[in-house]
Structures are given as C-alpha cells and as structure tokens.
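Below: the structure, in structure tokens.
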Amino acid sequence: MPTFDMDPYDGDENDYMPQEDDWDRDMLLDPAWEKQQRKTFTAWCNSHLRKAGTQIENIEEDFRDGLKLMLLLEVISGERLAKPERGKMRVHKISNVNKALHYITSKGVKLVSIGAEEIVDGNAKMTLGMIWTIILRFAIQDISVEETSAKEGLLLWCQRKTAPYKNVNIQNFHISWKDGLGFCALIHRHRPELIDYGKLRKDDPMTNLNTAFDVAEKYLDIPKMLDAEDIVGTARPDEKAIMTYVSSFYHAFSGAQKAETAANRICKVLAVNQENEQLMEDYEKLASDLLEWIRRTIPWLENRAPENTMLAMQQKLEDFRDYRRQHKPPKVQEKCQLEINFNTLQTKLRLSNRPAFMPSEGKMVSDVSNAWGGLEGAEKGYEEWLLNEIRRLERLDHLAEKFRQKAATHEAWTGGKEEMLRSLDFETASLSEIKALLKKHEAFESDLAAHQDRVEQIAAIAQELNELDYHDSSSVNARCQRICDRWDTLGALTQKRSEALQRTEKLLETIDQLYLEFAKRAAPFNNWMEGAMEDLQDTFIVHTIEEIQGLSTAHEQFKATLPDADKERGAILGIHNEIAKIVATYHVNMAGSNPYITINPQEINAKWDKVRQLVPQRDQALIEEHARQQNSERLRRQFANQANVIGPWIQTKMEEIGRISIEMHGTLEDQLTHLRQYEKNIVNYKPKIDQLEGDHQLIQEALIFDNKHTNYTMEHIRVGWEQLLTTIARTINEIENQILTRDAKGISQDQMNEFRASFNHFDRDHSGTLGAEEFKACLISLGFDIANDAQKKTGMMEAEDFKTCLISLGYNMGEAEFSRIMSIVDPNRVGVVTFQAFIDFMSRETADTDTADQVMASFKVLAGDKNFIMADELRRELPPDQAEYCIARMAPYSGTDAVPGALDYMSFSTALYGESDL
C-alpha cells in the first residue's frame, strides 16, 4: 500500500506555517500534550461531523475504516470524494483511507511518513498528525490578515482584536493563553454582552478559561475543545490544540462579519432606491401644488373693480403687498426647490445606473415655468391699476386726512389732562413732593402754550374743508368744536391748580422748619434719657467702701441735672404743639410723621417717666450696697486681726522645733518627753485655727476676694498648720527611731551624742542642713581638695558629704569601700544620706548584732548537729507560733543525707538577713 509523506511546508502555496512548527514527534509523545490534542482534535472533528449527523468518540479508532474520515473531508471541503468501500475487511478500510489521503494531497499538502496501514492500525501518533494536517489546510491556511496568512495571519488577527485589553499580550499559541484573558478578550471584542470583562482577574485563570469555554459553546456554537485544568496544569500548553481552538473563533466571527457586510450592501442599494422614489413623489406633489396655486391666484390679480374710498383702495394695495411679502416668496422658493430636486434626482439616477425620471404630463419644469410667467404678467397689470386709483383718491382725501391726524394728535395729548388738573394729590403730599408737583405743573403750562398753534391749525383746516364742501364736513365741524371747548376748560383748571400748589407749599415749609427744630432738640435729649436709663439700671460690682462712695457721689450729681432736663423736655413738646396748631388751623392733611426723626412726644414722656422712676430705685440700691461694704470691711478686719497673730505663731513654733531637733539637751527620753509636751501645746492651739476658719467662711459667703489688712490667707494658715503638725510628729518619730536603734544595737548615750555631734558639726547656722560654703569649708579643713559641688539644704547628706563625715570619724577607705557603704545607707541611690541612715550605719559598725551564721549555729544545736531539722524538733524547742512560722517558711532539705520531712534551716537563716529569698 502507498505511504504518504506528511510535510505541510513543501511547495510555495503551502508556506502557511513557519518552519518552527514542524510536526515534532518527540513532543507529541508527551502525555500532557497528547491528551490536549486528542480532546481538541476530537472536538474539532465533531464540530464538522455533526453537520452530517454523526460524531466520533475515539479519534484513532473511529477513523480506522476510513468512512468518517472521508465524510469529514466532504463536510469541511464541500466537495464529493470517491465512493467509499462498504466492506468490513482490512483491504476495504485501507482503500477508504487511501482515498482520503489522495484527496488531501490533491489540495497541495505533502504527507510525510503517513500510510493508510498506520491509520487503519489505529496508530495514535500518525492519526493525530493527519488530523493536524487537515486542520492546517482547511481551517488555518486560508486565514489572511494584512498580507499575512496561516499561523502568522491568525496570530496577527488575535493581536489586533485583543490590543485594547489590559493584561492581554498575545505573542504565541501556548503560554500567551494560559491565564484565559486572551479567549475572553476575543469574545468580548465581538460580543461584549456575553462577558463582563471588567470583573475578570489575571490571577484567576481557571475562572477565566471556564468562562470563555462555556460562553463559546453556549452562544457561539464553538465546542469545548480544551480543559482549563490541562492548560493551567501544563507549563507550556500544546500549541496545535490552542491554534485549532482559536481558529474556530476566527471562523465564527469572520462568518458573522461576511453576513453583516452582505446585509449592509443590500440595505445600501435599497436605501438608494427608496430615496430616489421619495424624490420622485416629492417632485410630483410639489409641481402639482405649485400649478394649482398659480391657477387660483391669476383670477384675483385680474379683478379691476374700483373702490370709492381711499381706505378701501389702500386695503387692496395692502393685500397685494401681503401677497408679495408673504404668499409669493414661499412659492418662489418652492419653484426653485422644484428645479433643484429635479436636477438632483436626475444626477442620482444617472450615478446609480437608473433610468432618467420623466414627470407626469403637464408637470415638466418647462410647464411650471410657463405658468409662472403668466402669473408675473398679471401681477404687473394689477399693481399699475392700484397705484392709479390711489393717486386719484389721494387728492380728495388729503385735507380730511390732515384734519384727522392733527385732531387725533391733539386729543391724544389732552387725554387725562383734566383729571390731572382736578387732582387733590397735593393735600397729602410732603414738602419735597409739593415742590416736585410745582415744577411738574410749570412744565405742563409750557407744554400747554406750545399746543396753542395746533388748535389754531385744526380750526383753519376745518374751515377750509367746509369751503370745499367736503362730503363728511358735519363730523369734521363737530369734532373741531369739541376740541375748542376742551381747550378753554384746560386753561381755567391750570390757573386754579397753580394757586393751590403755591399756597400749600408755604404751609408745609413752615411745618418743615418746626419739624427740623424738633428733631435737633429731641434727638440729643432722647439720647441723654436712654443713657441715663442705662446708667440707672446698670448693675455695679464694688469691693470697697471707697468705690461705693464714688458711685453715690456721681448719682447725686446726676439728680442735680434733672430740673434743667425737665425744662428742655417742655420746650421740645412746645414745638410739637405749635405744629399741631398749624395743622388744625389751616386743615393741613399731613401725609406722614416727622421726616427728620422717628421719636414722638409720647415716647419722650414715657422715657422721662421711666427716668424719674429709676432714680429712687438707684438710691435704694446704693444705700444697700454701702451697708454691705461696711459689713465686708468689718469681716476683713476681724479675719486680719486673728490671722496676723496665728501666722507668726506658727512660724515661731516651726523655728523652735527646728532648734530642738538640732540641739542635744539631755537624754533621748528627755528630748522625747519635751517634744510630746510641745506637741500637746500645739494641739491645744487648734480652737483658734477653727475660729479663723469660721471667719474665713463668712468672708467667702460675703464674696470678699481680697484683704488689705493682712498678708495671710486661710490657705497659708492651713498649709502652715499642717506643716507644723507634720514637723512635730516627724521629729518625735525620729527621736523614737533613735531610741529604738540605740536599744536594739546597744549603743550608749555618749556614742549617740557623738554621732549627732559629728553630723551637726557641719551645720554652722543650726538650720538642720548644711550650706554649700559650710560643707566646702568642712572638707577643706580635713585636707580634701573639694570641687564646686553644691550642698543642698535638705537635712540630709549627699554621698561626698557622708564620705567626708566618715573620714572625720576615723574611717580610711578607697572608692570601692565607699561605694559599698553608700549602697547600704542609700539603697535607692538618690544621692543623699539622712541622719537616721547615718545612725543605722554607725550602729551597725559599732554594735554587736546577730548574724545569719549565728542563727544557723543555733538551729544546728536544736537539730542535734544535723544539717537539717525536723518539724517535731521545732515544735518541741520553740513556742508554738514561732515553730509554725518556721515550718511554713522553711524549704524541704535536699541534701544527700535528707530524710522524709527534713527542713532546710540554712537557707531559711540566710533569707532572714536578706541574703537569699525567704
């Protein structure tokens, strides 16, 4: 049997695939790629076979007999192949496959190493290669985009369609499609309603791929040729599978584009034909309407029936002018448009290869032009006749028209003049309005004199019309008489109004002067009363007798001005009464109030009454405040007298306590007894403090905030009293602690005095503290080179002070030893040494005290020389509460010689002295 070489690149017409896409047999054997190609090629074949009502399930099995292979080629090519063999034998199958292969080679495809036997034997590799060759020839080879074809053309088409989309960059037919956005972009570009591209994410390829595959299958009739899992799970998807699937999109969308192009061409042709038909109908209708209008208009223009009056003839002329201005111009435009439409229609018919348009009989452009010429001839004759008739009537009506014009002008001017002259508007007008009315009246008189000539002209024209025996002279005479009678009436009314205006002006000028004088005096008086009411009602806050006396003096001075103010009020009211008298005498109708001020006599009287009412109230308020200030002054002096005694007493006691704490008179017990007696005397002073507190409460309730009679405030007294109590209590506590230390450490009274003397040696001013210069002099006297180190007056020693003190007592030490001592006396590292800490240290150095070793030795005796002790031994040798105390706090003994219940007295002993944790 013949064997075909499958070479899709042999020959010029088959250069639709670049050399790098040769059938790579090694790659095809990759299981992932083979799986993708099986699914893709099977789906592609079924997309065509279903048109013939069949499909395949297994690509290498279902093509073995050659029948479906031949049917596939017939469907995709649209041509009939040789009649297939229907036998079931191998020879029949090979014959059918050879027919299919011969047809493929007849289309310019060179098949390499593919024989019918391999296809019949179900060789998957050769079968997939053959199907790929068919796909290349019939689905991809004919793709052409911008002078590129086959694979390059398909790739360029994909790039052009997806260029506007973000995150899409198609450079090949494998990894460029892995994220699925390329497939979605192709669909959205052609069918945007199918996919919401904006919601897709590049990091979700599974969703993108499944969306594209599902939409393509459901709406574009493109079968699902790929699996999203295979594409995502493969580092480099199979290029042939991707290219096959993408070519289906190309053919799906290019077919729709061809149908759209064909439909557009048909619509364009029909639109041209419809437009031409509409132009023909428009021409016929326009020509008919225009000819009908000409037919109706010519009889009207040929009517020559004359009129007896100028008005009637003018109406005819106006009708003719309306015809020229309104009726004819649209028809001229229609005639022009008719010719333009006719020429345009003929041009369009000629350009679209249509026959020329022939209008109905009598509706040619020439027919319309002839009818139009007849219309214009009739117009010319009608216009000449109208003008001649008008000139004839004009001579007769000239004088009558002149009379009517002048009479109408004069009557229009006189209209409303009598009502104006009879008006009594000046009776309620203000002075400024009266002056304006006078000026307006003067202008009217000038205008009246100017119209005298027109009245004389009207009378002369009426006389001339009577002499010429005008046919309507009776109406002319009656109108002339009315004009003359009205003219005489206007003259009399003008004189009467002028006199009334001048009389009213004089009265209002007098009233205006009185108004102005009233305003000039009432305004400052009103301001004075308002200021007085404000001052009388103003609340005052004073703190001393002097301040309230100043307010009382000012108030008395104000009351002294009230008689003069009352006289001014009477004068102001007198002006108002004079105005009222003029108004009543001359019956002046006042239009408004005083233009210069808004206040009236009633308001002045009301405010004056208010001032008189507030004066005694102010008197009473000042008297009450004076009494309150006297009481406040008494309270100030009462508090000051006590505070000036208590304050110095507290200060004196503080100084005495300070001296007691420094001086060393007698034993510590004597000092303690003396201090407690002193404390009792201080406590007995408490009632005086309480009495001062009561006086201070009265001062606060009286809202007294200052006291010039003393520098002491209650807060100062309280703080001093609390400090005094605290100081005496602290001093007593220090003596008690010294006694406790002395007794606990076995220190003699002489040693205690010596310690105190050493500490006080540096306190030259007996203040309980060391000054900086005092401390420096002390150290220099001991042979030390002291830097400028300030000594704080706190009653405590700083580190260097303490070191100097120790040296003065016979201690010789280096820096390391001094640091050790400072850690004892100043455990908080604040840098100062109190006298109590000093005493504790000195007592520790000089007294005989218990140690951890001594306590351990005692426990060892109780334990019978063992390294541990039992609970029973403790209960036998110690009081019950102390035995239980030890048992609760001793840790179990863990030595090699330990027995059950053994307790560690050694760690307990060291913990008692702070050398370990208890």
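Not measured: the values here are computed from a predicted model. When reading the values below, keep in mind they use all heavy atoms of this one structure, side chains included, and skip hydrogens, waters and symmetry mates.
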### Query
Near Lys202 NZ, under 6.0 Å, is it more than 12 heavy atoms from other residues, nucleotides or ligands?
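Yes, NZ of Lys202 has more than 12 neighbouring heavy atoms, counting only those of other groups under 6.0 Å.
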### Task
Give a yes or no on this: more than 12 heavy atoms of other residues, nucleotides or ligands lie within 6.0 Å of atom CD of Glu361.
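No - once you tally the heavy atoms of other residues, nucleotides and ligands closer than 6.0 Å, there are 12 at most.
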[atom2] on [Y] to [atom1] on [X], rounded to 0.5 Å:
X: Ile869; Y: Ile887; atom1: CD1; atom2: CD1; result: 9.0 Å
X: Leu136; Y: Ile140; atom1: CG; atom2: CD1; result: 5.0 Å
X: Ile222; Y: Ser47; atom1: CD1; atom2: OG; result: 9.5 Å
X: Thr344; Y: Leu349; atom1: OG1; atom2: CG; result: 10.5 Å
X: Asp367; Y: Trp372; atom1: CG; atom2: CH2; result: 15.5 Å
X: Leu101; Y: Ser106; atom1: CG; atom2: OG; result: 11.0 Å

I'd like to check [X] versus [Y] (side-chain heavy atoms, cut-off strictly below 4.5 Å). Are they in contact?
X: Leu128; Y: Lys240; value: no
X: Leu290; Y: Leu286; value: no
X: Lys178; Y: Arg236; value: no
X: Glu60; Y: Lys125; value: no
X: Glu85; Y: Lys93; value: no
X: Phe249; Y: Lys161; value: no
X: Ile231; Y: Trp177; value: no
X: Tyr893; Y: Lys866; value: no

### Task
Evaluate the criterion side-chain contact (heavy atoms from CB on, under 4.5 Å) for residue pair Leu200 and Asn167; output intermediate values, then yes/no.
CA-CA 10 Å; Leu200 301 178; Asn167 297 327; over 6 Å; no
All ring-ring contact (aromatic ring centres under 6.0 Å, His included) counterparts of [X], not counting sequence neighbours:
X: Tyr283; value: Phe342, Phe357
X: Tyr165; value: His188, Tyr197
X: Phe63; value: none

When you measure from the side chain of [X] to the backbone N and O of [Y], does any donor-acceptor pair fall under 3.5 Å?
X: Arg137; Y: Lys107; value: yes
X: Asp121; Y: Asn123; value: no
X: Glu74; Y: Leu81; value: yes
X: Thr54; Y: Leu49; value: no
X: Asn96; Y: Leu67; value: no
X: Gln36; Y: Pro237; value: no
X: Thr127; Y: Ile119; value: no

### Query
After noting the C-alpha distance and the side-chain angles of Leu220 and Leu194, does the key distance pass the side-chain contact (heavy atoms from CB on, under 4.5 Å) rule?
CA-CA 10 Å; Leu220 304 178; Leu194 298 181; 4.2 Å; yes
### Task
Verify side-chain contact (heavy atoms from CB on, under 4.5 Å) between Leu226 and Phe183, making sure each step is shown before the conclusion.
CA-CA 12 Å; Leu226 302 170; Phe183 295 112; 4.2 Å; yes
### Option among Lys35, Arg38, Lys39 that satisfies the salt bridge (Lys or Arg N to Asp or Glu O under 4.0 Å) test with Asp227
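Answer after filtering Lys35, Arg38, Lys39: Lys39.
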Kindly give the heavy-atom pair with the smallest separation between [X] and [Y], and that separation in Å.
X: Met870; Y: Val899; result: SD-CG2, 4.0 Å
X: Lys99; Y: Ala82; result: CD-CB, 4.0 Å
X: Ala124; Y: Glu34; result: CB-OE2, 4.1 Å
X: Ala43; Y: Pro223; result: O-CG, 3.7 Å
X: Ile170; Y: Thr162; result: CG1-OG1, 3.6 Å
X: Asn208; Y: Arg201; result: ND2-O, 2.7 Å

### Task
Go through the steps for Lys335 and Glu339 under the test side-chain contact (heavy atoms from CB on, under 4.5 Å), then give the verdict.
CA-CA 7 Å; Lys335 178 177 176 294; Glu339 296 174 357; 3.1 Å; yes
Output side-chain donor-acceptor pairs under 3.5 Å for residues 327-334, partner residues at least two apart or in another chain, one line each.
| residue | atom | partner | partner atom | Å |
| --- | --- | --- | --- | --- |
| Lys328 | NZ | Glu379 | OE1 | 2.9 |
| Lys328 | NZ | Glu379 | OE2 | 3.2 |

### Task
Test Gln278 against Asp282 for side chain to side chain donor-acceptor pair (under 3.5 Å), laying out the working first.
CA-CA 6 Å; Gln278 185 62 45; Asp282 292 344; 2.9 Å; yes
### Query
According to the interplanar angle, ranging from 0 to 90°, do the rings of His48 and Trp44 count as parallel (below 30°), tilted (30 to 60°) or perpendicular (above 60°)?
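If you compare the ring of His48 with that of Trp44, the planes turn out perpendicular.
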### Query
Taking only residues two or more places apart in sequence or in another chain, which ones pass salt bridge (Lys or Arg N to Asp or Glu O under 4.0 Å) with Asp904?
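With sequence neighbours excluded, Asp904 shows a salt bridge (Lys or Arg N to Asp or Glu O under 4.0 Å) to no residue whatsoever.
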### Query
For Asp214, which residues count as a side chain to side chain contact (heavy atoms under 4.5 Å, CB included) partner, sequence neighbours excluded?
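Residues passing side chain to side chain contact (heavy atoms under 4.5 Å, CB included) with Asp214: Asn210, Lys224.
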### Task
Run the numbers on Asp238 and Gln37 for side chain to side chain donor-acceptor pair (under 3.5 Å), then give the verdict.
CA-CA 7 Å; Asp238 181 60; Gln37 288 184 5; 2.8 Å; yes
